[in-house]
2 protein chains.
Amino acid sequence: MKYLDKLRNSGLRPTKQRLQICEILFDTEKTFHFTINELDKKIKDKIDDKISLATIYNTVHAFEKKGYLKQIPINSNQIYFDTNVTGHHHFYDLKDGKLIDLENSDVGPINIKRKINGKKIKSIEVLVKLEE
Amino acid sequence: MKYLDKLRNSGLRPTKQRLQICEILFDTEKTFHFTINELDKKIKDKIDDKISLATIYNTVHAFEKKGYLKQIPINSNQIYFDTNVTGHHHFYDLKDGKLIDLENSDVGPINIKRKINGKKIKSIEVLVKLEE
DNA sequence: ACAGCTATTTAGAACCATTATAAAGTAGAG
DNA sequence: CTCTACTTTATAATGGTTCTAAATAGCTGT
């Protein structure tokens with residue numbers, strides 16, 4: 001199994017549910033953005049077994065903690081997750097609420113001149129809002 | 001009254017509630033960040049009259065629509081608003097969930113090389129996450 | 001100042017994403 | 001195979017936000 005070791009190596013038991021969710025999230029050519037609600041629908045579509053909503057939340061949070069997913073900082077009534085965990089940025093189309101990846105090469109280097117004592121920068125995320 | 005014209009000029013009736021909220025939001029030397037919950041507490045503290053929670057929501061959204069407030073794009077269970085509506089960015093301290101302003105001069109110019117057909121850039125917002 | 005119209009406020013209910021709970025099930029170590 | 005800790009599950013609870021419908025208050029024209 002493709003994801004058995006991935007899960008075991010990160011201290012997560014490779015349960016049937018987690019393996020199935022792995023396939024939906026990571027067995028794709030392209031990375032993508034999703035909300036829990038969208039993931040739930042995709043699971044219902046692609047998998048015969050039922051996975052409880054609570055498990056979907058648990059799994060997504062576990063994967064996020066392990067660095068396999070990340071949240072996209074955006075104001076919305078639901079949380080957006082990204083299967084692309086490399087440093088990159090987003091366009092946010094205000095008209096239809098869609099997110100579009102901005103590759104790192106699409107954005108010039110970002111220079112943060114100010115320092116905060118005792119803290120270090122974990123990530124820099126740019127959101128570019130688009131209008132008509 | 002200081003905010004009477006501001007409200008009237010933007011087509012908002014200057015009601016007692018709106019004027020009182022204006023004083024709390026805009027009658028300060030420094031701009032600040034807040035959630036609805038925090039604003040509600042501040043109103044209870046500083047004002048004798050009661051303002052209903054629904055009115056606080058209505059007013060904040062009305063002010064946002066008029067450009068007197070803006071939302072800060074960040075994943076949180078509640079929406080963060082900013083009384084500083086000029087283009088600027090934020091540090092987000094992951095430890096305590098606090099936001100710190102980054103003046104425009106603290107961040108070098110940001111160059112977005114990619115274009116989306118038929119769309120134009122409305123805003124560019126940078127969130128710098130801090131850890132220990 | 002008054003009437004009439006429309007915007008606004010209000011309390012409370014409704015909504016909905018997310019989290020908590022506690023019982024049943026399952027993986028892995030020995 | 002057994003024991004234990006981890007996981008899943010259905011369901012309830014939580015909490016921020018929005019909706020509703022009735023009461024109130026600005027505003028315009030007279």
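Below, all heavy atoms of this structure are taken into account, side chains as well, without hydrogens, waters or symmetry copies. Naming: A, B, ... by sequence-line order, numbering from 1 per chain.
Rounded to a whole Å, the CG atom of A/Leu19 is 13 Å from the C1' atom of D/dT7. B/Gln78 places its CD atom 20 Å from the P atom of C/dC16, with the value rounded to the nearest Å. Atom pair A/Ile21:CD1 and D/dT8:P shows a separation of 8 Å (rounding to whole Å applied). Residue A/Lys50 contributes atom NZ, which lies 16 Å from atom C1' of C/dG25 at whole-angstrom precision. We find that CD of B/Gln20 is positioned 14 Å from C1' of C/dT8, with the value rounded to whole Å. Straight-line distance from the CD1 atom of A/Ile79 to the P atom of D/dT17: 13 Å, rounded to whole Å. Put simply, OH on A/Tyr57 is 13 Å from P on C/dC16, counting in whole angstrom units. Distance, B/Leu7 CG to D/dG26 P: 13 Å, rounded to whole Å.
Of the side-chain N and O atoms in A/His61, none sit less than 4.0 angstrom from OP1 or OP2 of C/dT18. Contact annotation: A/Thr15 reaches the phosphate of D/dT8 (side-chain N/O to OP1 or OP2, under 4.0 Å). When the side-chain nitrogen and oxygen atoms of B/Gln17 are compared with OP1 and OP2 of D/dT24, none of them lie within a distance under 4.0 Å.
Along DNA chain D, the nucleotide nearest B/Asn77 and the nucleotide nearest A/Thr59 are compared for position; the residue whose nucleotide lies closer to the 5' end is A/Thr59. Residue whose closest nucleotide on DNA chain D sits further toward the 5' end, between A/Ala54 and B/Ala54: A/Ala54.
Both cation-pi conditions hold for A/Lys6 and A/Tyr68: the charged atom is under 6.0 angstrom from the six-membered ring centre and inside a 45 degree cone around its axis. Seen from the ring of A/Tyr80, A/Lys70 does not count as a face-on cation partner, given the 6.0 Å and 45° thresholds.
If you check every strand for non-hydrogen atoms under 4.0 Å, B/Lys16 touches nothing. Among the heavy atoms of the strands lying under 4.0 Å from B/Thr55 is at least one base atom, whether or not backbone atoms are also near. Across all strands shown, B/Asn37 has no heavy atoms under 4.0 Å from either base or sugar-phosphate atoms.
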What's the verdict on side-chain hydrogen bond (donor to acceptor under 3.5 Å, both in side chains) for B/His88 and B/Asn104, showing C-alpha distance, side-chain angles and the deciding distance? CA-CA 5 Å; B/His88 71 286; B/Asn104 252 337; over 6 Å; no
Evaluate A/Asn37 against A/Gln78 for side-chain hydrogen bond (donor to acceptor under 3.5 Å, both in side chains), listing each step before the verdict. CA-CA 9 Å; A/Asn37 184 35; A/Gln78 14 190 59; 4.7 Å; no
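Comparing D/dC6, C/dA7, C/dT18 against the side chain of A/Arg13 picks out D/dC6 as the nearest. Nearest to the side chain of A/Ile36, among C/dT18, D/dC27, D/dT9, sits C/dT18. Set against D/dG26, C/dA27, C/dT9, the side chain of B/Arg18 has C/dT9 as its closest nucleotide.
In this pair, A/Tyr3 and A/Phe26 present their aromatic rings tilted. The plane angle is within the 30 to 60° band.
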